[in-house]
Amino acid sequence: MPGVILVVGRVRCAPENRDELVALMETMQDNSRLEDGCLRYGFFAAVEDPLSFVAVEEWADREALDRHFAQPHLREFSRGLLAIVSEQPEVAIHEVAGTEGFPGA
């Protein structure tokens, strides 16, 4: 598989904001999956902490990610997110040169 752009984000909320955060993430996930160049996009609850979530995004190339950053739904998500999280979100962007399957799979 050729190289991709991998984005990993982490966020935590207060217990009273969990349902609102999940709804916000569902909307963001649904909108982002419709974008050209989006290979995978999902939010996942951390096993050890039901108030912590991890976002994993795969983009075909940097241009696709840059187009994503310009989308109105990303700006709306960011505003809503910053209003309800309990800690500063973390985001890391990785440029992956190549990917291969699990050995023996």
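The basis for the numbers below is simple: all heavy atoms, side chains too, and nothing from hydrogens, waters or symmetry mates.
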**Complete:** Closest heavy-atom pair, Leu81 versus Leu24, reported as atoms and distance to 0.1 Å, is N-CD2, 3.4 Å
**Spacing of Arg10 atom CZ and Glu90 atom CD [to the nearest 0.5 Å]** = 6.0 Å
**Message:** Please say yes or no: joined through hydrophobic side-chain contacts below 4.5 Å, possibly via intermediate residues, are Val91 and Ile84 part of one cluster?
**Reply:** yes
**Item:** Polar side-chain atom of Arg79 near backbone of Leu74 as donor-acceptor pair, under 3.5 Å
**Value:** no
**Prompt:** Is there a donor-acceptor contact under 3.5 Å linking the side chains of Glu35 and His73?
**Reply:** yes
**Message:** Given 3.5 Å as the limit, does a donor-acceptor pair link the side chain of Glu87 with the main chain of Cys13, or not?
**Reply:** no
**Asked** Between Arg75 and Ala70, is there a donor-acceptor pair closer than 3.5 Å when you use the side chain of the first and the backbone of the second?
**Response** yes
**Message:** Is there a path of hydrophobic side-chain contacts, each under 4.5 Å between heavy atoms, that joins Ile5 and Val8?
**Reply:** no
**Greater than 12 external heavy atoms within 6.0 Å of Asp49's CG** = yes
**Message:** Test of understanding: clusters of I, L, V, M, F, W, Y form through side-chain heavy atoms closer than 4.5 Å, transitively. Do Phe44 and Leu21 belong to the same one?
**Reply:** no
**Message:** Before you tell me yes or no, could you show the steps for Leu6 and Glu57 under side-chain contact (heavy atoms from CB on, under 4.5 Å), namely the whole-Å CA-CA distance, both residues' side-chain angles and the distance that decides it to 0.1 Å?
**Reply:** CA-CA 6 Å; Leu6 179 67; Glu57 310 170 26; over 6 Å; no
**Message:** Evaluate Thr27 against Asn31 for side-chain contact (heavy atoms from CB on, under 4.5 Å), listing each step before the verdict.
**Reply:** CA-CA 6 Å; Thr27 299; Asn31 288 332; 3.6 Å; yes
**Asked** Nearest 0.5 Å, what's the CG-CG distance between Asn17 and Leu51?
**Response** 9.5 Å
**Message:** Take a 6.0 Å sphere around CD of Glu95 and say whether it holds more than 12 heavy atoms from other residues, nucleotides or ligands.
**Reply:** no
**Request:** Please check if the side chain of Ser52 supplies one atom and the backbone of Ala46 the other of a donor-acceptor pair under 3.5 Å.
**Result:** no
**Item:** Check: His68 and Cys38 side chains under 4.5 Å, non-hydrogen atoms
**Value:** no
**Glu16 side, atom CD; Ser86 side, atom OG - distance, nearest 0.5 Å** = 9.0 Å
**Request:** Look up atom CZ in Arg62 and atom CG in Asp66, then write down how far apart they are to the nearest 0.5 Å.
**Result:** 4.5 Å
**Common cluster, Phe69/Val11, ILVMFWY with side-chain heavy-atom separation under 4.5 Å** = yes
**Complete:** Rounded to the nearest 0.5 angstrom, the CD-CD distance for Glu76 and Gln71 is 10.5 Å
**Fill in**
Between Gln29 and Gly42 the two heavy atoms that sit nearest each other are OE1-CA, 3.2 Å
**Request:** Say whether Met28 and Val56 are linked into one hydrophobic cluster, either directly or through other cluster members, by side-chain heavy-atom distances under 4.5 angstrom.
**Result:** no
**Asked** Can you tell me how far CZ of Arg33 sits from CG of Leu39, rounded to the nearest 0.5 angstrom?
**Response** 12.5 Å
**Request:** Determine the interplanar angle of the Tyr41 and Trp59 rings, folded into 0 to 90°, and report it as parallel if under 30°, tilted if 30 to 60°, perpendicular if over 60°.
**Result:** perpendicular
**Fill in**
Tightest non-hydrogen contact, residues Val7 and Ile93, listed as CG2-CG1, 4.2 Å
